[in-house]
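When a residue number appears, it is its place in the shown sequence, counting from 1.
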Amino acid sequence: MDFDAVLLLSFGGPEGPEQVMPFLENVTRGRGIPRERLAVVAEHYQHFGGVSPINGVNRELVAQLQREIDLPVYFGNRNWEPYVEDAVAAMRDNGIRRAAVFTTSAWGGYSSCTQYVQDIARGRAAAGEGAPELVKLRQYFDHPLLVEMFTEATGAAAQTVPEGARLVFTAHSIPTGARSRCGPDLYSRQVGYASRLVAAAAGYDEYDQVWQSRSGPPQVPWLEPDIADHLAALAEAGTKAVIVCPIGFVADHIEVVWDLDHELRQQAQELGIAFARAATPNADPRFARLAVDLIDELRSGRGPARVPGSDAPPLQGFSVNGAVCTPNCG
């Protein structure tokens with residue numbers, strides 16, 4: 001399988017105060033989220049001038065990809081400009097026949113994978129006749145370069161807090177009713193697997209894996225423990241320092257720069273706990289090389305790159321033209 005372009009497909013984010021509410025309405029359309037709740041979340045964005053860091057990070061990542069691969073690189077989002085529909089239409093107009101799609105999510109599961117598959121299908125449908133074939137690259141939560149970047153970031157964070165700090169991995173929570181929507185507890189198992197790889201590489205025998213940024217009505221159960229509750233429990237147990245590794249995020253979303261860097265850091269200060277947050281990959285050149293390596297897997301037909309000594313991970317399937325890679329995933 002060969003390609004004549006790459007599409008970087010991401011979530012999207014506002015780039016000005018006037019864009020925040022329309023963006024949030026796009027994200028939550030059909031979910032029945034009260035406008036009052038959107039207004040609360042909008043304030044998080046306004047704290048940063050109404051600008052999410054994600055689009056800027058992705059433009060830097062596009063530039064890194066262009067340095068790493070001799071193919072045109074396109075950029076499209078699900079929830080804000082540049083929209084995936086416009087990116088696919090541009091690819092069609094430029095004569096692209098088959099493109100590899102690299103998403104800014106390393107995981108399986110509905111929100112982490114299937115929705116991107118749906119984005120691909122929607123983009124092709126909007127482009128109509130002549131739309132390029134779009135091949136979504138596999139889930140990459142266990143790729144050696146991702147493990148390496150998070151391992152180095154954890155080590156760098158550890159240098160800023162006292163020795164003996166507790167290592168805590170965090171990822172975005174999901175409703176418990178959706179945890180097996182795309183395979184038995186797939187997302188949770190993948191997050192746990194990646195956390196174990198990074199902890200081992202960073203030299204930690206003990207660590208915690210928690211969840212964050214839940215939303216929706218309080219009567220709907222989500223994956224726990226919540227990171228704020230866990231931090232309070234650590235303080236009660238006498239923990240003096242924590243290193244938070246946002247293993248579930250490959251780039252700085254608002255859930256990282258607000259939920260962790262602002263709210264959780266403030267909570268840690270109030271509890272008397274020294275706090276450090278490991279960096280996400282963002283536009284690290286190794287992240288672009290990771291994408292190129294996934295493309296090379298399909299070009300050459302070779303197996304996935306593995307961290308030495310690791311065992312077989314959960315599902316890593318790729319998909320073509322909006323078809324899911326797991327039966328009943330959707």
Side-chain angles (χ1 to χ4, degrees), residues 9-58 76-85 103-105 107 109-119 121-122 170-182 187-188 191 210-232 244 246 248-249 251-267 270 329-330:
L9 180 55
S10 193
F11 188 82
E15 298 187 273
E18 74 286 352
Q19 298 178 5
V20 173
M21 283 302 288
F23 163 75
L24 292 175
E25 289 166 354
N26 282 350
V27 173
T28 61
R29 183 168 289 114
R31 293 171 53 189
I33 305 296
R35 190 168 180 84
E36 297 76 30
R37 172 57 184 162
L38 295 187
V40 171
V41 177
E43 284 302 313
H44 301 169
Y45 286 90
Q46 300 298 359
H47 187 82
F48 301 96
V51 179
S52 167
I54 188 63
N55 274 352
V57 167
N58 282 332
N77 287 319
R78 177 187 307 155
N79 295 303
W80 202 250
E81 298 173 351
Y83 288 106
V84 62
E85 293 90 340
T103 65
T104 55
S105 171
W107 315 98
Y110 178 72
S111 297
S112 305
C113 182
T114 306
Q115 279 195 290
Y116 286 107
V117 173
Q118 294 170 350
D119 296 337
R122 190 177 66 255
T170 181
H172 205 301
S173 187
I174 61 172
T176 56
R179 65 188 305 166
S180 296
R181 188 170 179 177
C182 298
Y187 173 61
S188 298
V191 170
V210 302
W211 308 96
Q212 67 170 86
S213 307
R214 66 151 293 160
S215 60
Q219 65 269 24
V220 176
W222 285 52
L223 296 180
E224 294 180 338
D226 179 80
I227 191 168
D229 296 337
H230 186 68
L231 188 66
V244 174
F249 301 90
D252 285 352
H253 294 258
I254 285 294
E255 289 87 350
V256 175
V257 298
W258 176 265
D259 295 7
L260 299 180
D261 292 351
H262 180 77
E263 290 189 326
L264 195 70
R265 185 182 296 275
Q266 185 176 51
Q267 181 187 359
E270 293 168 355
C329 184

#### Entry: Distance in Å, Arg179 CZ paired with Tyr187 OH, rounded so as to fall on 0.5 Å steps
11.5 Å
### Query
Below 4.5 Å, heavy atoms only, C-beta onward: do Leu231 and Ile227 meet side chain to side chain?
no
### Summary
The side-chain contact (heavy atoms from CB on, under 4.5 Å) partners of Glu81 (sequence neighbours excluded) come to Tyr83
### Query
Looking at CZ of Phe23 and CG of Asn79, how far apart are the two atoms once the value is rounded to the nearest 0.5 Å?
5.5 Å
### Query
Are any of the side-chain heavy atoms of Thr170 and Val244 separated by less than 4.5 Å?
yes
### Task
Using salt bridge (charged side-chain N to carboxylate O under 4.0 Å, His left out) as the criterion, list what pairs up with Asp259, not counting sequence neighbours.
none
### Query
Side-chain contact, heavy-atom cut-off 4.5 Å: Arg122 with Val84?
yes
### Message
Looking at Gln267 and Ala228, would you say the former's side chain and the latter's main chain have a donor-acceptor pair under 3.5 Å?
### Response
yes
### Query
Any chance the side chains of Asn55 and Asn77 put a donor and an acceptor closer than 3.5 Å?
yes
### Summary
Value for OH (Tyr110) from OH (Tyr116), rounded to nearest 0.5 Å, stands at 12.0 Å
### Message
Quick check: do Trp80 and Val27 have side-chain heavy atoms less than 4.5 Å from each other?
### Response
no
### Query
Any sub-3.5 Å donor-acceptor pair from Trp222's side-chain atoms to Ser215's backbone N or O?
yes
### Query
Is there a donor-acceptor pair closer than 3.5 Å between any side-chain N or O of Gln19 and the backbone N or O of Glu15?
yes
### Task
Please round to the nearest 0.5 Å and tell me the distance separating atom NE2 of His253 and atom OG of Ser10.
6.0 Å
#### Entry: Any donor-acceptor pair under 3.5 Å from Ser173 side chain to Leu223 backbone
yes
### Query
Is it true that Arg214 and Glu224 make a salt bridge, defined as a side-chain N closer than 4.0 Å to a carboxylate O?
no
#### Entry: 4.5 Å side-chain heavy-atom contact, Tyr45 and Val51
no
### Task
Could you tell me whether the side chain of Leu9 reaches within less than 4.5 Å of the side chain of Asp119, counting heavy atoms only?
yes
### Query
Roughly how far, to the nearest 0.5 Å, is CD of Gln118 from CZ of Arg78?
8.0 Å
## Note on the structure
In this structure, CZ of Arg265 is separated from CD of Glu270 (nearest 0.5 Å) by 13.5 Å
### Message
Less than 6.0 angstrom separating the ring centers of His47 and Trp258, yes or no?
### Response
yes
